[in-house]
Amino acid sequence: MNNSNINEMNDLSIVLCGEAGQGIQTVEQILTRVMKLSGFNVFATKEYMSRIRGGANSTEIRIASRRVSAFVDQIDILIPLSQGAIKHLEKRITPQTVILAEKSAFEKECLSDKCNIINIPFNQMATDLGSPIYANIIAIGAVSGLLGLDLQIINQFLQQRFSTKEEEVIRKNIEAAEKGYTIGVELSRSGKVRIGLPPSSQAKDEIILSGFEAVALGAIAGGCNFISSYPMSPSTGVWIFLTQHSKEFDIITEQTEDEISAINMAIGAWYAGARGMVTTSGGGFALMVEGLSLTGMLETPVVIHLGQRPGPATGLPTRTEQADLGFVLHAGHGEFPRIILTPGTMEDAFYLSQKAFDLADKFQVPVFILTDQYFLDSYYNLPSLNLSDIKNQSHVVRTNKEYKRYLMTENGISPRGIPGYGEGLVSVDSDEHDEEGHITEDLDLRTKMVDKRLKKLELIKEETIPPELIGNESYQTLIIGWGSTYHTIKEALDILGREDVSFLHFKQVYPLHPNTSDYFKKARKVIIVENNATSQLGGLIKLYLGFEIQDKILKYNGLPFSVEEILEKLKNFI
Amino acid sequence: MNNSNINEMNDLSIVLCGEAGQGIQTVEQILTRVMKLSGFNVFATKEYMSRIRGGANSTEIRIASRRVSAFVDQIDILIPLSQGAIKHLEKRITPQTVILAEKSAFEKECLSDKCNIINIPFNQMATDLGSPIYANIIAIGAVSGLLGLDLQIINQFLQQRFSTKEEEVIRKNIEAAEKGYTIGVELSRSGKVRIGLPPSSQAKDEIILSGFEAVALGAIAGGCNFISSYPMSPSTGVWIFLTQHSKEFDIITEQTEDEISAINMAIGAWYAGARGMVTTSGGGFALMVEGLSLTGMLETPVVIHLGQRPGPATGLPTRTEQADLGFVLHAGHGEFPRIILTPGTMEDAFYLSQKAFDLADKFQVPVFILTDQYFLDSYYNLPSLNLSDIKNQSHVVRTNKEYKRYLMTENGISPRGIPGYGEGLVSVDSDEHDEEGHITEDLDLRTKMVDKRLKKLELIKEETIPPELIGNESYQTLIIGWGSTYHTIKEALDILGREDVSFLHFKQVYPLHPNTSDYFKKARKVIIVENNATSQLGGLIKLYLGFEIQDKILKYNGLPFSVEEILEKLKNFI
Amino acid sequence: MDKKIFDMGDIDIAWCPGCGNFGILNILKQTLAELEIPPEKLVLVSGIGQAAKMPHYLRTNIFNGLHGRSLPAATAIKAVNPELTVIAESGDGCTYGEGGNHFIHAIRRNPNITNIVHNNMVYGLTKGQASPTSQAGFKTPVQVDGVMVEPFNPIAVAVALDASFVARAFVGDAPKAKEIFKKAILHKGYALVDIFQPCVSFNKVNNYQWFKEHTYYLEESYDPHDRNQAFKRATEKDKLPLGVFYINPNKSTFEENVGVYNQNKEPLYRRELDRLKPLQNLIDSRRKA
Amino acid sequence: MDKKIFDMGDIDIAWCPGCGNFGILNILKQTLAELEIPPEKLVLVSGIGQAAKMPHYLRTNIFNGLHGRSLPAATAIKAVNPELTVIAESGDGCTYGEGGNHFIHAIRRNPNITNIVHNNMVYGLTKGQASPTSQAGFKTPVQVDGVMVEPFNPIAVAVALDASFVARAFVGDAPKAKEIFKKAILHKGYALVDIFQPCVSFNKVNNYQWFKEHTYYLEESYDPHDRNQAFKRATEKDKLPLGVFYINPNKSTFEENVGVYNQNKEPLYRRELDRLKPLQNLIDSRRKA
Ligand SMILES: Cc1ncc(C[n+]2csc(CCOP(=O)(O)OP(=O)(O)O)c2C)c(N)n1
Ligand SMILES: Cc1ncc(C[n+]2csc(CCOP(=O)(O)OP(=O)(O)O)c2C)c(N)n1
Ligand code: SF4
Ligand code: SF4
Ligand SMILES: [Mg+2]
Ligand SMILES: [Mg+2]
C-alpha cells in the first residue's frame, strides 16, 4: 500500500459511517468539539435512514484552517463503524481515501482497488481495555494523533463530557483516547498518512451551532414564549431545544394530539398575548393549512418553522429536499399575505427567526421559516451571535372602550389588542367580519376587508430582506440559490474563482425585494440551483418578476448538493 | 304611476326576495318549471345568507325566448316576500322595475322615486283563501297571467307537484294560482304592465339542470360508486344528489367525521377497486391536503369536487368566489402531477365530471372539478345530455404472481391492480418505495420514482381539453375567463357585438393545452375576468406560458359578475 | 351584576325563531352575571355552526375560529393568560365530529376552561345532516334510510377519559341549566356541559317535547365522584339523565402543568419579550460544548 | 397453512433488535396461517411509525398510508370489497394521537375489520416523545419533567363507545396473544386489540419485565358481554388486565349498512361501470320536474 498524503489544501474531510444506534453521534460530537478547541474550523453534517437501529448512516466532519460550512463528496479519512459502511459510501471513496479500520473486517467490502485500508485493530484494542464500546474513542484518539492535536485538550474535554460518569469510566475513556492517539501519531510520523493542516487560533473560542439550534435561539431572541407542535422529522430538534430551555425563558411548550391542534393553539396563544410558533415538516404542515387560512382572516400573527424533507406523503422522512416552496406560497383557501424566510447560514437562521416574530407581530401575518433536513442537521463554528441590535417591540396595544380589532386604517394594519389588557373587547372571527370583528354579510365591507388584508403586502415589501450578492457586482453569469444551498454554492464559486460569476442568495423568497429584478437584468446568463425536481424558486421568480430561468441545476434524490457536484454542473453551463 | 312596458327584448328578469325559510325556493322551482313547460327558456340563480331563517335572500329567474344562462343585474319584476327585500336590492332597482307587492307593506322601504309598486294584496287574498301560505302561489299565478301562459299547464303542474298532499290542499293551491293569474291577465290587459315575450317551443321538452346536479350526474356517468364527504356549503348538493340516487346506482355514500377521513376513505376505495370522490369547499379541502399528497405518492386516482366560496377561513360560507385555484394547483408537500377541470356550462360539468373519473383512473392522479357557489346553485334548461359517446374504461388490471404495483414503464404509468383480483399482491406505500411498493432508502431509485411520477404530466397534456374560443378567430382583443363566468362573459360579448373581440374560456386550467400560447400571441389586447382579488388564472398563465395579462376585471365581494358589469368594465378597456 | 352588561344591543341574530340557542344565550348571560365575571376578563371561543355564532351575541372578548377547533384555541388562550375566564362553546358536530380528537385530548390536558356543547343532535348550519349525536333512525337528506349507528355518547366517553367535570343540561329547564353552568365555570379544570338544545328547523324528532319526555335529573343523593357509577348512569338509554355525572377533583390543570406559572403568576403578555442576558449565556455556553 | 407463506424472504427489517414488534409479526403470521387466510385475500393497512412498517414485513396486499389515517382507508377498503380480510395495524401514537378522531368514529361505524394497535407507550420512530398511552411521569426530550397527565385508556374509551370487540394482549405471551388475535379476526365487526409491545430503544420504563409485572389475564369466568363490568375492569390501575374485555354482538357492520350489498353480494370492482340506462332515465326525468 502506498503512503497517503492528504490534501495540502487546508481542509480535511472525515466520514464516520455505521449503523443507527452505534454511537456515531457521540464520536461526531467529541471530534468536532475537540477539533474546534484545538483551533480548527469544523463543519459536520449527517445523512441517515429512517430507523432507530441498523442500516447505514454517515456523518461528514470537515476540519479546516479556513471556515468550512458545506458538504463535500470528498472523503479523506473514512472510519467505518460497522459492516456495510464501505459499500454504503462506495461512490465517494477514491484511492486517496484513507480508511482507518480493522482490515480483516472490511476488506471483503472493498470490491475495487480504491480501498486504502490502514489496519487499526480498534475492536481488539477496545476489548483489551475492557469493552468494545471504547473502539469509538480510540478512533477519536487516532484522528487526533494524525492531526497532531494537543492530547491535553482531548483529555480535558473527555473529563468534562463524562463528568457525570464514574471515575473508572472517565479513566478508561481517556486511556482509550491516548491509545488511539499514539497510533495516529505513529501513522503520521511513519509517513503512512500525512496531513498538512495548520490550526487557526480564531476558531478556538467560537461557538458551534446547528441549524435547528440557530432557529431555536433565534426564536428565543424573537420573544417566543409558546410552542405547540407534533413530532416530525426533521423539525423536532427546534422544539426539543426550546423545551429543554423552557424554564430559563418562560416558554410554554406542548406536544399536541396532531398538527391541527398545534397551529390552532399557536393562533390562540398569539390572540391572548403570547408569541407562538409551531415547528413541523411538509406533511404536518399540510394539516395546518386550514389554520394558516385562519390566520389570514383573523389577522393573527403566527410563526411556522417548516423543515423540508422529500415528499410527496411520507416520502423519505430523514432526507433533505427543497420542494415545499410552491406549496407554502399558495397554501390556504382564499387570498391573504404571508412572508417566507429561507435562511442560508446559521447567522441567517438566528437573525431571521428572531425577525420572524417581529414581522408576524407587526404585520399580523403568518411568517414561515423554511429550512430543510440538511440545514437543520448541519453545524459549524461561527464567531458568535450579536445581540446588541436585537430589540423586540411588542406591537400589542392597550385597548380602550371604543376598541375595534379590525379598525380600517390607511395602511391596512389595525392596532392589535389582546383580551384582558385594557377596557376594550377583542373580537376575532373566521367569518368575514366588520371592524369590530363580528360576522357580517355586508358585501361592500367584504371588498374593503379583502383590500385591507392584501394591502399589507405592500408594506411588507418595504421591509423585505434583499437577496445577498456574493461575488462581483459586474457579473456576466448569475447563480441563483435559496435557503440551505448557500455555503455549498459559495464554496463551489470560491473554487471556480471566476470574476464574472456571482451568486445571488435569497433569504426571503416572498415577497421578493422590489429591487430584485435589477440583478436579473444585469446578467447575461442565469443558472438556478435547487434541491427539488421542478425548480420552485424558478417558478416564483417567473411569476413575480416575469423572468424565466432556463438553466437549472436540480437534485431530488434526498441528499444535499455537494460542493463538487455544483462545481461540475456549473462547468456544463459556463 | 306610469304604465310599465317591460323589455321589448325577448327576455324578462324576475327576482324574488325574502327571508330564509319563507319558501322562495318553492316559488322559484314552480315558476321555472311552469315557464319551461310553457315554452320559455329559463335560468335561475340565487344569493343567500349563511342562516336558516330570516335575513334577506334573493333568487333571480330569467325567462326568455332565446337561451339565457347568466346572471343580470336588471330586475324587470320584483316580488318582495318580506320586509327588507326592497332595501336589500336597492342598487338593482330602477324606475323600470315593476314591483308586485302589497303597497302598504313595502312603500316605506322605497326611499327613492325608483319604486314602481303595483299593489297586489297577496296576503289579504291568501288569507281569504284560508291561509297566508297561499300568497306565494298567488304570486306565481300573477306572473303567469302577466306572461299570458296557459292556465292548464300551471294547474297540471301544481296537481303533480302536490300529488302527495290532500285533495283540499291541491284545490286551494290551484285556486290561488288562478286568483293570481286573473290579476296578472288584468294587469297586462289594462296596459299597466306589458310584457312582450314570445315563447319558443324548443324549451318545452328540455331538461333543467343545476350545477350540482350536472356534476353529480357526470360523476354517475363516470362510474362513481363511492363518495365520502363532510357537509360544507356550497358543495354538499353534489353529495346529496348522489346519496338520493345511491340505490339506483350502487353508490356507497358516507358522511365522515371530518374531511381527513373523507379523502383517506376515497383513496382506500380506489385502492380496493371503486371509483371514489369527495366533494368539499376550500376549508374542507385544506384538511385534505395531506391526503392529496398521499395520492401523489401512492399514484392512486381520486376525484375531488371543490365548490369555491369566499375565504380565507370561514369567509362568506354561502357566497361565491374563484379564489382557490392557486391553492389547488400547489396543494400538497412534494412534487406530483394533477389535473384541474373548471366547467363553465352544465354540459361541461356533466362531461368533465364524467371524464374526471377516466382521467384519474388512466393517469393515476388526483383530478379536481373546480366549481363555485354561483355555478352550483344556478340552473337552466338545455336540450339533453348525450350519453352515446360515454364508455367508461376501467384501467384496473388483473394481477399475476409477478405483479409489481410500481413497475417502471416508459411512460411512467404502471398497470394498476387491486387486491383480491388476480394472483398478485398489491402494495402501495406513502414512503418512497421500490417497484413492488415496499419502503426503500435507495436514493437512485428515489430519483427514478420522482421522474416516473412527474413524467405522467406530459401524457396528461396530450389529453388536455383545449380552451374554447367563443367568437371570431381573427380577434384583436381576447377576453380570458374560466369556470363559472362562461355564460356571463359570453352574453356580455353578444350584447357588445364586436367582431374583433373574442372570448377564450378555460375548462381545464391545468395542465394547459399545449396550443394555448397561440391564442395569446394573436391578440393585441388581453383582458382577464376573474371572480377573485389577485387574478389567479392570470398567475397560472404567467407561470406556464410566460404571458403577463395586464388588464384585469376582478370582483371579490362574494357575488358573481353580472352581464351588465362585465359589459361596463369591458368598455373601460376597449 | 346585571346580565344586560352582556347584551349586544340592537343586532340581527341569525338563529331561527324558537331555536334552543336563544335559551342557552340567555342562561349563559345570567350565569355570568351571577358569577360577576366582567366581559373584559372573559373570552368566548367557538368553532363554526349555529351554536358557534353564540359569541357574536354576547358582549365580551370573542375568538370565533374554525369548525371543530375551538378547544385547542381555548386551551392556549387560558394557558397564556390564566386570568381570563375561558368558555369554549360550539355545536355537537363541531365538538364531537370535526373536533373529536381535540375533545379527547383537551379532556386529558385538563385546561381550566368550560366547554359548553349545544347538542341539537343535528348539523344545523349546513341544513340538517346527521351529527355524531343523532339518534339511530334519524332521516336526513344524506342519511336517506336513517342513521344506522348508535349516537356518540359524550358523557360516557368523557367519563372514560376521566374528565374532571362532566355534566348534561337541557335548555328547556333554565334554572337547573344555570346551576349546572355555574358549577362548571367554578370548577377548576376542564368542565364539559353537553346541553340539549332543540333545533326547530332540522330536527323535528328531538324537539322540546321529546327532550322533556326523554330526560330526568340525577337524584339529589347521586355522588358524582364514583367513576363506575357515572359510567353506568351515562349509558342509560331509555331516559337520559341530566345533571353532574362526574367530578374528579384530583387532576392538575394544564396551566399548572405548563410550568411557567410556578414562580411567576403574571400572564405572558406582562412579561419581558427580551431575555437577552440568559440568551447571551446560552450562546456563550456553546463555546465550550 | 404454513405461516411461511407470509414470509418476505431475505429483507432488511428496520426494527431494533429485541423490539416487541418482531413478536407481533410472528404472532400475526401464525394467526393468519391457522385461520387459513390466503395472502391474496388479505390487506394490511397501516399508518406511519415503527409499528406501521409491519405490512412491509408480511407478504400480502398492503396499504401503508399516512400517519394516523389507517382506519378510514381500512374502512373504505372493506366496504368496497367485503371479500377481503382487512387488518388495520399501527402504533399507539398513530391510532390514539394523530388518528384519535378516526378511532372514535371507526368504532361507531363498525366495519368488519381488525385493528391491532402496537402499544409501546411511546413514539418510537420519531425517537421517543410521549404517546397518548405514556404513563404519568415518563420523561422524554420534550416531556422534560415527565408526562403530567394520565395515560389515554383505549379500552375504557372503546367500551364507552360501545365497540363491538375490545381486547388487550401482551406480545410477551405469544400463545395467548394469538388466541386473542384469532378471536378478533373472526369477530364480525370492528375489533380492537391493543397489544403491549416493549420498545427497547425509547421506553426503558415499560419493558418486558414491567409489562409482566403489571398485567394479568381476566379470569376464565369473565363475561365480556356486560358493558359496565367491562368498563370497571378497563379502568383498573394497579395491574392492567389482558384478554377480551367486551363484545357487543348486536351491532350491524358498516358493510351491511352501506346498502349496496343488500341484494348484490359482488364487490364493487366486479360490477358494471356504465349504468347508462338508469342514468338516461334519471336525466329524462328532469324534463318534467
Ligand atoms: C372544515 C369545515 N368543514 C365543514 C364546514 C361546514 N360546516 C359549518 S357548520 C357545520 C356543522 C354544524 O353542526 P354543529 O356543530 O352541530 O352546529 P349547529 O349548526 O347544529 O349548531 C359544518 C359541517 C366548515 N365550516 N369547515
Ligand atoms: C402528519 C404527520 N405527523 C407526524 C409524523 C411523524 N411521525 C412519524 S411516526 C410518528 C410517531 C409514531 O409513534 P407510534 O404511532 O406510537 O408508532 P411507533 O413508532 O411507536 O411504533 C410520528 C409523529 C408523520 N409522519 N406525519
Ligand atoms: S337551524 Fe336549528 S340550531 Fe340553527 S338556528 Fe335554526 S333552529 Fe337553531
Ligand atoms: S424504536 Fe422502539 S418500537 Fe421502534 S423498532 Fe426500535 S424498539 Fe421497536
Ligand atoms: Mg348541532
Ligand atoms: Mg408507539
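We name chains A, B, ... by the order of the sequence lines, and we start the count at 1 in each one. Treat the numbers as computed from the prediction; the structure is a model and nothing was measured.
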Most contacts with chain A, counted as non-hydrogen pairs under 4.5 angstrom, among C/T60, C/I11, C/N81: C/T60
Region of A/L37 in contact with chain C, defined by heavy-atom distances below 4.5 Å: side chain
Counting only non-hydrogen atoms closer than 4.5 Å, does A/E423 touch chain C with its backbone (N, CA, C, O), its side chain (CB onward), both, or neither? backbone
Contact origin within A/I220 toward chain C - heavy atom pairs under 4.5 Å: both
Pairs in or reaching into residues 7-48 of chain C: which pass ring-ring contact (aromatic ring centres under 6.0 Å, His included), with residues at least two apart or in two chains? C/W15-C/F22, C/W15-C/Y57
Per-residue tally against chain C (heavy atom, under 4.5 Å) across A/E248, A/E213, A/E436 peaks at A/E213
Mind ranking C/I283, C/D12, C/T75 by heavy-atom pairs under 4.5 Å with chain A and telling me who comes out on top? C/I283
Quick one: what part of C/L84 sits under 4.5 Å from any heavy atom of chain A, side chain, backbone, both or neither? side chain
Just so I know, are the side chains of C/N64 and A/V428 near enough to count as touching, which here means a heavy-atom distance under 4.5 Å? no
Tell me if the CD atom of C/Q263 is crowded by more than 12 foreign heavy atoms within 6.0 Å. no
Gap between atom CG of C/D284 and atom OG of A/S384 - 0.5 Å precision: 6.0 Å
Chain C contacts, top residue of A/K391, A/M265, A/Q393 (heavy-atom pairs, under 4.5 Å): A/M265
Looking at A/S261, A/A274, A/G437, A/G291, which makes the most heavy-atom pairs under 4.5 Å with chain C? A/S261
Quickly, which of A/D429, A/D431, A/I439 forms a side-chain contact (heavy atoms from CB on, under 4.5 Å) with C/K53? Name it, please. A/I439
Between chain A and each of C/K78, C/H67, C/Q280, C/E83, count heavy-atom pairs under 4.5 Å; write down the option with the most. C/Q280
Flag the one option from A/C224, A/G268, A/A221 with the top tally of heavy-atom pairs under 4.5 Å to chain C. A/G268
Heavy-atom contact with chain C under 4.5 Å, split by part of A/F350: side chain
Between A/F241 and chain C, with a heavy-atom cut-off of 4.5 Å, which part of the residue counts as in contact: side chain, backbone, both or neither? side chain
With a 4.5 angstrom heavy-atom cut-off, could you sort out which part of A/F226 is near chain C: side chain, backbone, both or neither? side chain
Donor-acceptor pair, distance only, cut-off 3.5 Å: does the side chain of C/N61 make one with the backbone of A/V426? yes
Any donor-acceptor pair under 3.5 Å linking the side chain of A/Y271 with the backbone of C/I62? yes
Give, as side chain, backbone, both or neither, the part of A/H433 having an atom under 4.5 angstrom from any heavy atom of chain C. neither
Quick check for you: among C/E40, C/H102, C/H105, which has the greatest number of heavy-atom pairs under 4.5 Å with chain A? C/H102
Distance in Å, A/L294 CG paired with C/L66 CG, rounded so as to fall on 0.5 Å steps: 4.0 Å
Could you give me the CA-CA distance, side-chain angles and deciding distance for A/L217 and C/L282, then say whether side chain to side chain contact (heavy atoms under 4.5 Å, CB included) is met? CA-CA 9 Å; A/L217 288 168; C/L282 180 56; 3.5 Å; yes
With chain C, which of A/H245, A/M297, A/E441 has the greatest number of heavy-atom pairs at distances under 4.5 Å? A/H245
Contacting region of A/T300 [heavy-atom separation from chain C under 4.5 Å]: neither
Interface residue of largest heavy-atom contact number with chain C, from A/T32, A/I252, A/T253, under 4.5 Å: A/I252
Apply the test side chain to side chain contact (heavy atoms under 4.5 Å, CB included) to residues A/L298 and C/F63: give CA-CA distance (whole Å), side-chain angles for both, the deciding distance (0.1 Å), then the verdict. CA-CA 9 Å; A/L298 298 192; C/F63 183 103; 3.7 Å; yes
I would like to know whether A/Y421 and C/R270 meet side chain to side chain contact (heavy atoms under 4.5 Å, CB included); could you show each step before the answer? CA-CA 9 Å; A/Y421 178 41; C/R270 287 207 293 269; over 6 Å; no
With distance as the sole test, does C/R69 use its side chain to make a donor-acceptor pair with the main-chain N or O of A/N264 at under 3.5 Å? no
Quick one, A/N225 with C/R275, criterion side chain to side chain contact (heavy atoms under 4.5 Å, CB included). Give me CA distance, side-chain angles, the key distance, then yes/no. CA-CA 11 Å; A/N225 50 18; C/R275 298 152 300 183; 4.1 Å; yes
Heavy-atom donor-acceptor pair, A/D250 side chain to C/V260 backbone, under 3.5 Å: no
By a 4.5 Å heavy-atom criterion (distance strictly below it), what part of A/Q255 contacts chain C: side chain, backbone, both, or neither? backbone
Taking NZ, NE, NH1 and NH2 as the nitrogens, is one of them in A/E257 or C/R108 under 4.0 Å from a carboxylate oxygen of the other? no
Basic-acidic side-chain contact under 4.0 Å: A/E206, C/R286: no
Interface check, chain A: of C/G99, C/P278, C/A79, C/P267, most non-hydrogen pairs under 4.5 Å belong to C/P278
Counting only non-hydrogen atoms closer than 4.5 Å, does A/R275 touch chain C with its backbone (N, CA, C, O), its side chain (CB onward), both, or neither? side chain
Heavy-atom closest contact (A/S430 atom, C/G65 atom, distance): OG-O, 2.8 Å
Side chain from CB out, backbone as N, CA, C, O: work out which of these in A/I251 comes under 4.5 Å of a heavy atom of chain C, or both, or neither. both
Check for a donor-acceptor pair, side chain of A/K36 on one end and backbone N or O of C/R287 on the other, with a separation under 3.5 Å. yes
Name the region of C/R271, side chain, backbone, both or neither, that has any atom closer than 4.5 Å to a heavy atom of chain A. side chain
